Amino acid sequence: MEHIVEILNSIGDFFAVVFKFAPKFDQAIVYTLELSVFSILLGTVIGLVVTSLKLTKLKWLQKIADVYISIVRGTPLLLQLYFIFYGLPLIGLNFDALTSAIIGLAFHNGAYISEIFRGAIVSIHYGQDEAARALGMTKIQAFFHVILPQAVKQSVPVLGNQFIIAIKDSSLASVITITEITLTARQFSAATYNPFPILFVAGVYYYIMITLLTKLLQWVERRLSVNER
Amino acid sequence: MNDKVMIKLVGLHKSFDELEVLKGIDLEVHEGEVISVIGASGSGKSTMLRCINFLEKKNKGDIYIDSKLIKKSSHDINTLRAKVGMVFQTFNLFPHKTVLKNVMIGPSVIKKADKIKAKEKAMELLRNVGLEEKADVYPAMLSGGQQQRVAIARAMAMDPQVLLFDEPTSALDPELVGEVLQVIDELAKSGMTMVIVTHEMGFAREVSDRVVFLHEGKIEEIGTPTEIFENPKSERLQSFIASIW
Ligand SMILES: Nc1ncnc2c1ncn2[C@@H]1O[C@H](COP(=O)(O)OP(=O)(O)OP(=O)(O)O)[C@@H](O)[C@H]1O
Ligand SMILES: [Mg+2]
């Protein structure tokens, strides 16, 4: 009996801390959202540009794209962020922490997103391009009216995964002093010597964001797949 | 059929690396004429057809469409393609567009045609191939025969002067072949100039003005259906015909 009371008490204490600290994450949430949204949007733009570079017939442009992708894939994101935040100032490029983090995350996402787009584009059967060209379309018309819409549609599920990873990866911006959700949680934990309820709050916030994004992506996917009966 | 030459091929050569597939094709197709191309697998039928609208780049020889020599510039090629429609064995409809949009896409994108007019015309073409009621459906929901009829309507939407068919019924279940052949037959009767690669010998015989027998990259024999099917001259044609009946 006493034992049960004890457990109920500690659950009560746990949620008391949870509810006390949950509202204090407002600025942290804004940072995480900023990091996520901008790194996803900018990453998508970078991804499209890099995909286009790879699709040009110019060898040296392809090479640049290849080097970029292999560097991003071949090194940890954490090091990439350190490099941008601490390394770039050495060659005279100074950005504030938030800008550095967004650049770093976008740069990172861009490489993966470009691979997603490229994979989707090459997976479109060549008969589609031929049919478009046989009608008299230019290469560019065929690309924009026939190939790209199908490729984008195909890449939505994988792209969605990458967006989710991008939200989680934004937590790494904590190492370059941005008080987003993870760093905020760590600071509160250190101040209260009571990490679990606070980490719980952080986890719930990530979970909500990712769940909402997932729902949004499912909706987009459904909208796009009307043509497959 | 009249005397105007719609397609003229002069000494057409095509190789894939070491493999010489077309070894000098000379052919004139007159306006309103229907030509069937027959021959063994690998004889170069598809390659010849694809060279005519530059989906394959010829190595040597000249191609004239409507008496105009087609140069290798992309402007020439795109203009040529708008005049020369192509229907593929595998239909190649655009799966992300409705049937109606598939038929409209050529005029809207390439000719920047007026939306309302393009739509009216597309509906008329769909009516001609018996698929008016499928206008708002996506290709995935159609049978192969229906898809191929849409593909024909899509090609017709560009007002082509010539239609090229590469085995338009080979990918179809036997019971769907008839409906596609009927559409092609109607086009033939309407005076459309057509080059049809086919294994449907009965159809070739019925619909064609002339039949081309291709053998190892050369025109081995050319003539009326009666000449080709009843009085084949070359031994190769004789044995080809014996092998398929
Ligand atoms: N893109 C290509 N690259 C290399 N070889 C090719 C290519 N396209 C065709 N060939 C070869 O060229 C030859 C002629 O092919 P083509 O497709 O024109 O024959 P076909 O008469 O249409 O045969 P089928 O009746 O089987 O369709 C074949 O040996 C084929 O393997
Ligand atoms: Mg073929």
Side-chain angles (χ1 to χ4, degrees), chain A residues 44 47-48 51-52 55-59 61 113 116-160 217-229, chain B residues 46 49-50 52-56 74-99 101-112 136-142 147 150-151 153-160 162-166 171:
Chain A
T44 304
L48 278 174
T51 307
S52 324
L55 293 175
T56 61
K57 292 263 148 57
L58 297 173
K59 283 274 174 303
L61 282 178
I113 290 172
I116 291 169
F117 282 143
R118 196 182 61 85
I121 287 168
V122 301
S123 79
I124 304 298
H125 192 267
Y126 68 88
Q128 291 290 306
D129 186 59
E130 279 194 347
R133 303 302 305 279
L135 280 173
M137 287 192 206
T138 64
K139 263 186 200 155
I140 294 180
Q141 287 169 337
F143 183 73
F144 284 103
H145 290 276
V146 175
I147 307 299
L148 192 62
Q150 294 185 56
V152 167
K153 197 186 119 191
Q154 257 200 31
S155 55
V156 165
V158 196
L159 215 49
L217 289 165
Q218 281 168 350
W219 177 80
V220 170
E221 230 177 291
R222 247 190 340 256
R223 287 291 313 262
L224 288 175
S225 67
V226 275
N227 40 358
E228 281 141 16
R229 80 188 65 206
Chain B
S46 297
L49 212 59
R50 294 164 56 83
I52 294 176
N53 72 351
F54 284 72
L55 284 181
E56 300 293 353
S74 53
H75 172 263
D76 260 27
I77 291 173
N78 292 332
T79 317
L80 151 108
R81 285 173 176 160
K83 286 193 219 165
V84 179
M86 176 126 179
V87 174
F88 300 87
Q89 186 175 345
T90 50
F91 333 133
N92 300 351
L93 292 180
F94 305 130
H96 61 302
K97 299 211 174 272
T98 61
V99 163
K101 291 274 167 60
N102 263 275
V103 180
M104 286 172 63
I105 193 173
S108 340
V109 171
I110 300 155
K111 294 181 174 168
K112 316 272 182 256
D136 296 322
V137 150
Y138 286 90
M141 297 172 206
L142 301 180
Q147 291 193 43
V150 174
R154 175 178 69 180
M156 287 299 294
M158 290 298 288
D159 288 323
V162 184
L163 272 188
L164 309 175
F165 293 83
D166 192 0

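In what follows, chains carry the letters A, B, and so on, assigned in the order in which the sequence lines appear, proteins first and then strands, with residues in each chain numbered from 1. If you're wondering where the values come from, they're calculated on a predicted model, not measured in any experiment.
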### Task
May I ask you to list the residues in residues 103-111 of chain B that approach chain A closer than 4.5 angstrom, counting heavy atoms only, ordered by number?
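Expected list: B:I105, B:G106, B:V109, B:I110.
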### Whether over 12 other heavy atoms sit under 6.0 Å from A:K59 NZ
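Atom NZ in A:K59 is not crowded, with 12 or fewer foreign heavy atoms closer than 6.0 Å.
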#### Entry: Whether over 12 other heavy atoms sit under 6.0 Å from A:I140 CD1
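Open: at most 12 neighbouring heavy atoms sit under 6.0 Å from CD1 of A:I140.
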### Query
Residues in salt bridge (Lys or Arg N to Asp or Glu O under 4.0 Å) with A:R118, at least two apart?
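With sequence neighbours excluded, A:R118 shows a salt bridge (Lys or Arg N to Asp or Glu O under 4.0 Å) to A:E115, given in chain and number order.
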### Query
If you take all heavy atoms of B:K97 and A:H145, which pair is closest and at what distance?
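B:K97 and A:H145 have their closest heavy atoms at CE-O, 3.9 Å.
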### Task
Measure across A:A131 and B:F94 and return the closest heavy-atom pair with its distance rounded to 0.1 Å.
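Looks like CB-CE2, 3.9 Å.
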### Query
Can you say whether B:L93 sits under 4.5 Å from chain A via the side chain, the backbone, both, or neither, judging by heavy atoms?
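The backbone, not the side chain.
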### Query
By a 4.5 Å heavy-atom criterion (distance strictly below it), what part of B:R154 contacts chain A: side chain, backbone, both, or neither?
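Its backbone and side chain both get close to chain A.
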### Query
Would you say B:P95 and A:Q128 make side-chain contact, with heavy atoms under 4.5 Å?
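Yes, their side chains come closer than 4.5 Å.
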### Message
Rounded to the nearest 0.5 Å, what separates atom CD in A:Q154 from atom NE2 in B:H96?
### Response
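A:Q154 CD to B:H96 NE2: 11.5 Å, rounded to 0.5 Å.
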### Task
With sequence neighbours excluded, tell me which residues meet side-chain hydrogen bond (donor to acceptor under 3.5 Å, both in side chains) with A:D129.
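Residues passing side-chain hydrogen bond (donor to acceptor under 3.5 Å, both in side chains) with A:D129: none at all.
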Show every donor-acceptor pair shorter than 3.5 Å between a side-chain atom in residues 80-91 of chain B and any protein atom, with sequence neighbours excluded, or say none if there are none.
residue: B:R81; atom: NE; partner: B:N53; partner atom: O; Å: 2.9
residue: B:R81; atom: NH2; partner: B:F54; partner atom: O; Å: 3.0
residue: B:T90; atom: OG1; partner: B:N92; partner atom: OD1; Å: 2.9

